Amino acid sequence: MAKDTMTMTSQAEKSIVIRRKKHVRRWIAISFLMTFLILPLIPLFIWSFGFNWFFPNVLPTRWGIRAWAYVFDPTAQILPALWDSLVIAIGTVLISLVIGIPAGRALGLNVFRGKRLVEFLVLAPTIVPPLAVVLGIHVVFLKLGLADTLIGVILVHLIPVLPYVTLVLTGVFANYDPEFEDQARSLGAGTITIIWRIMIPSIFPGIIVAALFSFIISWAQYVTTLLIGGGRVQTLPLLLYAFARSGDYAVTGAISVIFITPGILMLLFTSRYLTGKNQALGGIGR
Amino acid sequence: MTHVLLDNLTITFQGMSHPAVDAIDLEMEEGKLTALLGPSGCGKTTTMKLIAGLLKPSQGDILFDGKSILSVPAEKRNTAMVFQKHLLFPYMSIGENIAFGLRMRREKKAFREQRIKEMLDFVHLPDMARRRPAQLSGGQQQRVALARALVVEPDVLLLDEPLSALDAHLRDEMGELIRSIQTKLGITTLLVTHDQEEAVVLADKIAVMFKGRICQYDKPPVFYQRPASVDVAEFFGARNMIKATMQGKSAETVVGTLEVEPGELTTGKAVLTIRPEEITLGENGVNSLEAKVISKVYMGTHVRVRFLIKGIEIEGLFTKETMSEFQEGRILTLSFPPKSIWAIPD
């Protein structure tokens with residue numbers, strides 16, 4: 001076919017090919033997601049409804065809702081643990097934002113002497129094993145009366161959480177133009193108005209991402225909760241571990257399903273903030 | 001209308017050895033548009049931020065109608081600033097952006113709605129109130145930014161390079177809009193710019209600033225005819241600069257003795273300038289010199305010719321009818337009218 005007979009149809013064919021390619025790519029992505037994220041979760045569901053499930057059976061031989069009845073039994077430990085986990089995670093999110101927003105602003109907007117060192121110290125908890133740190137902190141918390149309390153657990157969860165929150169918010173502030181604040185002030189806005197009506201809305205997507213990190217990290221804490229909570233503060237991961245060790249796979253499966261639900265729900269609700277366009281996923285700037 | 005006086009205004013930033021704004025005195029006439037003109041980094045935006053209250057001076061005072069406003073915080077000073085970037089709040093509609101200053105002043109909703117409509121008509125953007133900033137073009141965004149500043153009826157309007165982010169054809173349009181609004185409302189306005197043409201077109205008076213100091217404060221034409229220093233002359237596009245020693249009406253230069261109009265400068269060293277368009281072709285009695293044509297450039301309505309006179313390069317601007325006279329290498333006689341020569345103290 002000669003070049004000049006390149007017609008509309010061949011162009012349309014081309015765009016169909018491109019669309020089909022995109023289609024294929026999307027399906028590959030979805031199947032990867034299914035294989036590595038969803039598939040491993042299926043046995044949890046089956047377990048939670050299974051009564052007897054032994055090798056070599058593909059599915060349990062008997063089904064039942066015993067595990068779920070136990071989980072929602074108000075006299076069992078599960079619901080209070082779920083409540084405590086939520087209180088601790090939400091508390092961690094709030095405090096980490098209150099600390100992380102000013103820290104991210106300082107690191108993202110300013111150049112100052114010793115900035116590299118501060119950045120390193122902020123990231124240090126991700127390198128140092130938490131067990132070593134928490135053992136030391138435990139002694140201090142005992143003296144302060146913070147051991148075995150919810151507040152104590154929230155404070156210790158801040159250690160693994162703050163690096164991520166600060167890092168995310170630093171990236172956001174690196175792309176934030178503080179001249180917006182000058183503009184607002186010149187139009188009559190005071191400092192508090194500027195924070196609420198200019199700064200917070202501007203960095204809101206970053207706050208969502210930081211909160212998500214914060215929640216999920218706190219939600220999954222085991223060692224730190226165990227050491228500082230001293231068994232008095234029972235969170236879901238602690239119960240999950242206890243039931244897994246006891247060999248009650250049905251209850252373990254049911255707790256696991258509850259355990260993964262908030263993370264998935266939050267991801268679904270915030271997915272529109274998690275695109276590549278979000279500056280929150282940019283890392284340290286300036 | 002507000003009369004603005006800057007008195008010995010100085011600011012030195014931390015860690016800097018030289019002040020960014022160095023003891024400037026400036027009187028802005030009420031209801032007039034004053035331009036603060038200078039190269040980037042000369043302290044003009046800093047001066048503006050001092051007036052807006054976004055920076056605190058190290059020394060000196062700012063007076064509105066004779067009263068010091070230094071103790072008034074930025075948000076309470078009735079100034080409104082339009083930045084180089086339009087800085088429209090992206091999560092607010094155009095209407096909400098315009099009404100921002102009114103909300104801060106706790107105006108009622110009905111009044112705000114009415115003012116939004118008025119201001120949008122004023123900047124020729126009717127029915128745009130519900131749009132988002134991202135849906136507008138660059139020129140439209142800048143107009144909204146102007147409306148947002150004007151809606152609060154500021155005592156002083158501060159414009160920081162409002163045209164520099166715009167395309168050439170939008171500049172003229174926006175410039176005319178600023179000028180017409182400013183004249184209509186009679187708001188005392190300070191325009192910061194690095195573009196001398198912009199300053200000349202828009203301003204009633206121009207203050208030229210170099211290195212934190214104001215070098216000359218005059219009406220626009222003066223800068224072309226009577227620049228106060230070599231820097232100012234160069235900034236306004238002066239070309240032909242010849243070093244001279246003054247002796248009354250005559251100036252000794254390497255190209256010969258030139259007669260000048262008696263000015264303030266009668267002795268000592270000077271730099272003579274003459275604008276290219278003032279040089280005439282042919283013998284004219286006084287100040288006639290032989291010049292060799294080096295090159296010429298046809299510019300549509302005019303022809304720009306470079307000459308060499310005793311090793312000194314001189315540029316002239318002539319009408320296109322005379323184009324054929326300027327063959328390269330030809331020796332011609334040029335005249336420099338004494339009244340067109342200006343001696344700058346060196």
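Chain naming here is simple, since letters A, B, ... match the order of the sequence lines and numbering starts at 1 in each. Atoms considered below: every heavy atom in the structure, side chains included; atoms not considered: hydrogens, waters and symmetry mates. Model, not experiment: these values are computed from the prediction.
Contacts of B/Phe89 with chain A are made by both backbone and side-chain atoms, with heavy-atom separations under 4.5 Å. B/Ala52 does not touch chain A: none of its heavy atoms, backbone or side chain, sits under 4.5 Å away. Proximity to chain A (any heavy atom under 4.5 Å) is shown, for B/Arg148, by both the backbone and the side chain. Within the 4.5 angstrom heavy-atom criterion, only side-chain atoms of B/Pro90, from C-beta onward, approach chain A. For A/Ile198, the parts sitting under 4.5 Å from any heavy atom of chain B are the backbone and the side chain alike. Of the two parts of B/Leu88, only the backbone, made up of N, CA, C and O, holds a non-hydrogen atom closer than 4.5 Å to a non-hydrogen atom of chain A.
In plain terms, the two heavy atoms of B/Leu54 and A/Arg185 that are nearest each other are CD2-CD, 3.9 Å. Nearest heavy atoms, A/Gly190 versus B/Glu75: CA-OE2, 3.9 Å. Scanning both residues, B/Arg105 and A/Leu187, for their nearest heavy atoms gives NH1-O, 2.8 Å. When every heavy atom of A/Glu179 is checked against every heavy atom of B/Leu87, the shortest pair comes out as O-CD1, 3.7 Å.
The local environment of CZ in A/Phe112 is crowded, with over 12 non-hydrogen atoms from other residues, nucleotides or ligands closer than 6.0 Å. At most 12 heavy atoms of other shown residues, nucleotides or ligands fall within 6.0 angstrom of atom NZ in B/Lys117. Atom CZ of A/Arg105 has more than 12 neighbouring heavy atoms from other residues, nucleotides or ligands inside a 6.0 Å radius. In this structure, A/Tyr164 places its OH atom where only 12 or fewer heavy-atom neighbours from other residues, nucleotides or ligands lie under 6.0 Å away. Counting non-hydrogen atoms of other residues, nucleotides and ligands closer than 6.0 Å to CG of A/Leu150 gives a total above 12. Few gaps surround CG on A/Leu117; more than 12 heavy atoms of other groups in view lie less than 6.0 Å from it.
A donor-acceptor pair under 3.5 Å is absent between the side-chain atoms of B/Arg77 and the main chain of A/Ser186, judged by distance alone.
Looking at heavy atoms from C-beta onward, A/Asp182 lies out of side-chain contact with B/Met81 at the 4.5 angstrom threshold.
Salt-bridge check for B/Glu96 with A/Arg197: failed, with every basic side-chain N at 4.0 Å or more from each acidic carboxylate O.
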